[in-house]
Student: 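One structure, pasted below without further comment.
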Amino acid sequence: MANNIVVIGTQWGDEGKGKIVDLLTPHCSAVARFQGGHNAGHTLVLDGKKTVLHLIPSGILHDDTICYIGNGVVLSLAALEKEINELDSVNIAEKLKISASCVLILPSHIALDNAREAKRGKQAIGTTGRGIGPAYEDKVARRAIKLFDCRDKDILKEKVERLVGYHNFLLQHYFAAPAVDSQAVYEEIVRIYQRIQAMVCDVTTALAQVQADGGNILFEGAQGAMLDIDHGTYPYVTSSNTTASNAAAGTGLGPKAIDHVLGIAKAYTTRVGGGPFPTELFDDIGETIARVGHEVGASTGRPRRCGWFDAPVMRRAIINSSVDSLCITKLDVLDSLAEIKICVAYDLNGERVEMAPADPQLFKQCQPVYECLVGWQAVTQSVRDYEQLPENAKAYLKRIASLLGVSIDIISTSPERNDTIILKDLVND
Ligand code: IMP
C-alpha cells in the first residue's frame, strides 16, 4: 500500500505547498485539507495557466483523485461557491467531498475580524480579514454553526439568529461597527447549501474507506508551522494547528494514518502580516528577492516580508511536525545573488541558541547568527535534474540539509508543475 503523506509549510506560510500537492496528487487516491479556511492561497501553474485556490484542495485539477475538506477546516460557503464557479471545467460534484462537521464562517465573523484588527491599531495581527479567527473562537466556545445544522432549516434559522445576534451585540456595542443582517445570512446559507448538499458527507468514514480499499491519502496543510496557534509566534499566528498532527484530528483519522511528513520550505524566508521575523531584510537584497520571487500574498495581494533562510525556525518546525524530509522551493529566486546567508543559530542576549524559542518575548530578542555562502550566479530556473544544478547551489542545499539533519527529497525550480527535481519517490518508498 502506498504512503499517506502530510504536506505542511515549515515557515510562515506561502512555501509553495500547492504546487507540491498538485505534483504528488496523481500518485494519491485522495487529497484532504484539514485546517484553516480560505485564508490560504495556493497558486497552481499548468502549461502557463494560473489557478489560485483558497479553500478547495490543490489536487482538484487531476481527474482521478477525490478531494476532501475535513472537519478541521472553517468553511465560508460564499468563498466555496466562488471557487466552484471558477473551476467550471471540473466535475466538482463528483470530485469534492465536504465534512458535515465543518464550522461555517459567516459574514459577521468577517465583520468581527476586521473590527478587531482596526481596534488593535499598531498591534494588528495583519490577518487576512476572512473571519478565520472569530469562526474558530465560536467553535471552541461551542456556539458555532456546523454544516450539519443546515439539514434542518428551522434549527439553522434559530442558530443563525442567535449567533449573528451575539456578533451584532459585539459589533455595535463594543466595536461601534454596523450590524449584519441575520436574515440575509440565513438565506445565503440555505441557497448555497442546496447547491453543495450532495457533496456533504462524513469525511472520516470516507477516508477510512479509501484506506480500507488500499488507497492512499495526501493531507494538504495550509499556512505554516510558525503560524500554528500553539507553536507559532503567538499572538501573530493563525487560529488553527498548522502542524502535521492536525492532519489526523482535522480529518477524524488517528495519528497512525500518517506515514510520511514532507515539510515545504522556501530557499529563503517570507512572512505576511505582523510579528517577529529575525532574518528579515530591509535592503536591496530583500527587494530583489521580493521582486524576483513575486512575493505578494495570493489571498490578500499584500507584499510579503522577505529574509534569509532561518535554520532555528526550521528546527522547531521539524520537531513540531515530525518532518521526515524536506522540499525546498524557489531556489531559482536566489540565482542572481553574489553571496547568500543562512541563519544557523540565534544570539539570545549573548547566548547561542540553535532552536527558535517558544516564548515570543524571547523570540523577539533573537539576533541571527549568519554563515555566508558564495552564490551560484547561474540559472537554476526550470532545472529538472539535480546534476544540472551549479555546484554552489548544491553546496547551499547540502548545507541546509546538514544543519537540519533532514534530507531534501524535492527541489522546485519554478512555479510550473514539471520544473521540479525529485530525488526520492515518497509515495512508494
Ligand atoms: P488569519 O489566518 O487570517 O487569522 O491571519 C493570521 C496570520 O496568519 C496573519 O499574519 C496572516 O498573514 C497569516 N496567514 C494566514 N493565512 C496565510 C497564508 O496562507 N499564507 C501566509 N500567511 C497567512
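For clarity, every value in this text was computed on a predicted model and none was experimentally measured. Every number for a ligand or one of its atoms is a count from 1 in the order of the listing. Computation of the quantities below employed the complete heavy-atom set of this structure, encompassing side-chain atoms and omitting hydrogens, waters and symmetry-equivalent molecules.
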Student: Which is closest to atom 7 (C) of ligand 1 in terms of heavy atoms, Thr270, Ile229, Val237?
Tutor: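 Nearest option to atom 7 (C) of ligand 1, by heavy atoms: Val237.
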Student: For Thr413 and Asp332, does a side-chain donor sit closer than 3.5 Å to a side-chain acceptor?
Tutor: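 Absent: no donor and acceptor within the cut-off.
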Student: Is there any N or O on Ser239 that sits under 3.5 Å from an N or O of ligand 1?
Tutor: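 Between Ser239 and ligand 1, no N or O pair is found under 3.5 Å apart.
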Student: Is there a heavy atom in Asp113 that sits closer than 4.0 Å to ligand 1?
Tutor: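 No; Asp113 lies far enough from ligand 1 that no heavy-atom distance drops under 4.0 Å.
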Student: Mind checking whether Trp12 and Phe277 have parallel, tilted or perpendicular rings, split at 30° and 60°?
Tutor: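 The rings of Trp12 and Phe277 sit tilted, inter-plane angle from 30° to 60°.
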Student: Between ligand 1 and Arg304, can you find any atom pair, the residue atom being a heavy atom, that is separated by under 4.0 Å?
Tutor: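 No; Arg304 lies far enough from ligand 1 that no heavy-atom distance drops under 4.0 Å.
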Student: Where on Arg302 is there a heavy atom closer than 4.0 Å to ligand 1, on the side chain, on the backbone, on both, or on neither?
Tutor: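 The side chain, only.
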Student: Ligand 1 and Gln223, any nitrogen or oxygen pair closer than 3.5 angstrom?
Tutor: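 Indeed, backbone or side chain, Gln223 has an N or O that close.
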Student: At a non-hydrogen distance cut-off of under 4.0 Å, which region of Leu227 contacts ligand 1 (side chain, backbone, both, or neither)?
Tutor: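 The answer is the side chain of Leu227.
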Student: May I ask whether Ala40 places a heavy atom under 4.0 Å from ligand 1?
Tutor: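 For ligand 1, residue contact (heavy atoms, under 4.0 Å) with Ala40 is present.
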Student: Measure the distances from the heavy atoms of Tyr236 to every atom of ligand 1 and state whether one is below 4.0 angstrom.
Tutor: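 Flag not set, Tyr236 not near ligand 1.
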Student: Tell me which one of Gly224, Gly273, Gly126, Gly41 gets a heavy atom nearest to atom 9 (C) of ligand 1.
Tutor: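 The nearest heavy atom belongs to Gly126.
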